[in-house]
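Keep in mind it's a predicted model, so treat the numbers as computed, not measured.
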Amino acid sequence: MSPLPVQRLLNSKHPRQQKGVAVMIPSAIEQAFGRPYELSDYRLLAGGLSGARVYHACGPGSSTQGSRVQQTDGYVLRCWPSQVTQRRVDHIHQVIGSAAEHCAFLLKPLPVGAACSDHRSVFGHQLTSMRDDNGRIWELNRCLPGRPLALDADVEQICQGVSALADVHQSLRRQGNSQAFAESITERTRRIAQLTTQLPSIWGLPLQGRISPRVVDQLVRVQTLLRAKWGGFAGEMSIQLGKLAARRLPVHFVLRDTRRQHALFDQGKVSGIIDYDALRVDFPAVDLARWVSGFALYQSQRQEILKAVVAEYNEKTTFPSVYPVEELTRAIELIAESSQMISLANWLVWLAAERRQFEDWSAVSARLNELLSLVD
């Protein structure tokens with residue numbers, strides 16, 4: 001993960017200070033990770049939406065200047081969302097750790113208190129996560145250089161990301177593949193049905209004073225767009241996805257959250273793919289759809305981009321031998337279109353009906369703006 005400017009600090013009654021920056025890292029976690037890896041100068045990275053907390057930490061040879069991290073040998077210390085279980089984290093670490101042996105784009109989690117940067121053995125055991133006194137799970141990774149692609153990335157850059165995804169998939173397929181019903185397709189058909197029932201009660205709901213003023217304008221646009229388009233979308237998409245859900249499809253472990261922000265590029269090349277929280281056995285087209293639909297070019301030149309993406313993917317994997325090219329292309333298109341509309345509807349329900357609260361409303365605003373730019 002590439003360091004970002006510090007935009008927000010979480011409050012704490014007793015925060016520890018590192019060069020004037022408040023951090024909330026339990027002492028046991030700092031002892032387990034910070035001491036053996038010689039970490040210092042913890043900085044909270046810009047907040048996300050999952051409930052995780054992510055800190056950059058300097059290692060030997062790292063330095064900071066102001067609010068910008070000058071990365072030479074940095075680390076990322078991550079606290080998983082509170083609802084995630086130890087069993088789930090262990091499973092993700094096992095799968096990703098094995099795949100990372102064959103794929104340079106995946107980050108293998110670092111052992112708790114194991115080898116330092118100079119390969120000294122510290123505590124001698126190979127745990128890759130640790131639970132704090134509040135039951136939250138922590139892990140450590142090395143920093144990756146680079147930044148995500150811009151929304152207006154060109155086809156060559158998009159296909160570089162596809163090539164990296166193909167490499168990731170090839171490494172994950174080593175752990176088994178089969179033919180099965182794809183849960184992600186079933187989930188989408190089920191969610192469309194649920195939202196079709198929920199949304200009518202929200203169409204006329206006043207939003208001013210009900211939600212954060214930071215996102216009112218965006219959510220009004222979401223409300224208007226969905227009121228106009230949801231009926232036609234839901235009817236046709238339920239039919240098309242239903243056909244796909246009824247088929248046994250090629251499945252293996254995939255990442256399932258391959259958003260534009262989760263692939264880092266350094267000097268024009270992919271340096272790594274991050275965020276494995278959603279890892280599961282599923283249809284590989286889900287990863288391709290999530291990736292390609294996150295760019296403006298997909299909306300303006302859909303068929304050309306799909307053709308280029310599938311050609312790039314087919315060249316790098318053995319996937320075409322088990323699934324026809326034209327069917328893979330259509331599946332990517334269906335999954336991408338349904339995901340964007342469902343995401344907008346989910347946000348409307350979460351914010352307007354359920355009145356969920358988020359620590360970082362700027363991240364919510366950015367996500368709504370991006371979805372609207374891709375759908376509207």
Side-chain angles (χ1 to χ4, degrees), residues 1 92 95-108 144-149 153-180 182 184-185 244 249-295 297-298 301-336 339:
M1 179 176 293
I92 292 172
V95 173
I96 293 298
S98 178
E101 298 291 339
H102 308 281
C103 179
F105 299 118
L106 293 173
L107 273 174
K108 187 175 183 178
L144 289 174
R147 300 287 184 193
L149 291 178
D154 61 33
V155 64
E156 182 179 351
Q157 294 172 315
I158 295 170
C159 284
Q160 285 183 36
V162 172
S163 179
L165 273 177
D167 195 37
V168 168
H169 284 178
Q170 288 288 86
S171 66
L172 289 168
R173 285 188 70 197
R174 289 171 173 266
Q175 299 178 56
N177 61 93
S178 63
Q179 300 280 320
S184 62
I185 309 300
L244 202 57
L249 302 168
V251 299
H252 57 73
F253 280 115
V254 294
L255 302 181
R256 299 179 67 249
D257 194 13
T258 50
R259 288 186 289 160
R260 175 175 61 86
Q261 295 87 344
H262 292 165
L264 302 179
F265 284 67
D266 184 45
Q267 299 182 2
K269 296 182 179 180
V270 180
S271 58
I273 296 176
I274 60 174
D275 204 324
Y276 316 129
D277 297 28
L279 176 90
R280 194 170 69 189
V281 171
D282 212 328
F283 187 29
V286 173
D287 278 0
L288 295 172
R290 192 68 184 267
W291 171 251
V292 72
S293 64
F295 297 96
L297 202 58
Y298 178 74
Q301 301 179 35
R302 179 171 302 186
Q303 295 309 314
E304 294 87 342
I305 295 301
L306 282 171
K307 182 178 180 180
V309 163
V310 172
E312 182 71 26
Y313 189 73
N314 287 349
E315 182 181 341
K316 303 292 183 179
T317 72
T318 57
F319 194 73
S321 66
V322 294
Y323 200 72
V325 169
E326 63 277 9
E327 293 187 17
L328 175 59
T329 304
R330 180 56 178 157
I332 294 171
E333 187 175 23
L334 286 172
I335 296 167
S339 297

Before you tell me yes or no, could you show the steps for Lys316 and Asp167 under salt bridge (Lys or Arg N to Asp or Glu O under 4.0 Å), namely the whole-Å CA-CA distance, both residues' side-chain angles and the distance that decides it to 0.1 Å? CA-CA 7 Å; Lys316 303 292 183 179; Asp167 195 37; over 6 Å; no
Determine whether Phe253 and Leu279 satisfy the following criterion, side chain to side chain contact (heavy atoms under 4.5 Å, CB included), listing intermediate values before the conclusion. CA-CA 7 Å; Phe253 280 115; Leu279 176 90; 4.2 Å; yes
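- In this structure, CG in Leu172 is found 9.5 Å from OH in Tyr276, a value given to the nearest 0.5 Å.
- Screening Asp257, Leu144, Leu165, Asp287 for a side chain to side chain contact (heavy atoms under 4.5 Å, CB included) involving Ile273 leaves a single residue, Leu165.
- Sparse packing is recorded around CD of Gln267, with 12 or fewer heavy atoms of other residues, nucleotides or ligands lying under 6.0 Å away.
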Apply side chain to side chain contact (heavy atoms under 4.5 Å, CB included) to residues Ile335 and Arg290 and explain how you reach the verdict. CA-CA 8 Å; Ile335 296 167; Arg290 192 68 184 267; over 6 Å; no
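- Panel note: side chain Glu101, backbone Ser98; no donor-acceptor pair is recorded below 3.5 Å.
- A donor-acceptor pair is defined here as one N or O able to donate and one able to accept, closer than 3.5 Å; such a pair exists between the side chain of Ser271 and the backbone of Leu264.
- The line from CZ of Arg256 to CG of Asp282 is 5.0 Å long, rounded to the nearest 0.5 Å.
- Ring pair His169/Tyr313 is perpendicular by interplanar angle, where above 60° counts as perpendicular and below 30° as parallel.
- Ion pair Glu333/Arg330 flagged as a salt bridge, since at least one NZ, NE, NH1 or NH2 atom sits closer than 4.0 Å to an Asp/Glu carboxylate oxygen.
- Looking at Thr317 and Arg173, their side chains never bring a donor and an acceptor atom within 3.5 Å of each other.
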Steps toward side chain to side chain contact (heavy atoms under 4.5 Å, CB included) verdict (Arg174, His252): CA-CA 9 Å; Arg174 289 171 173 266; His252 57 73; over 6 Å; no
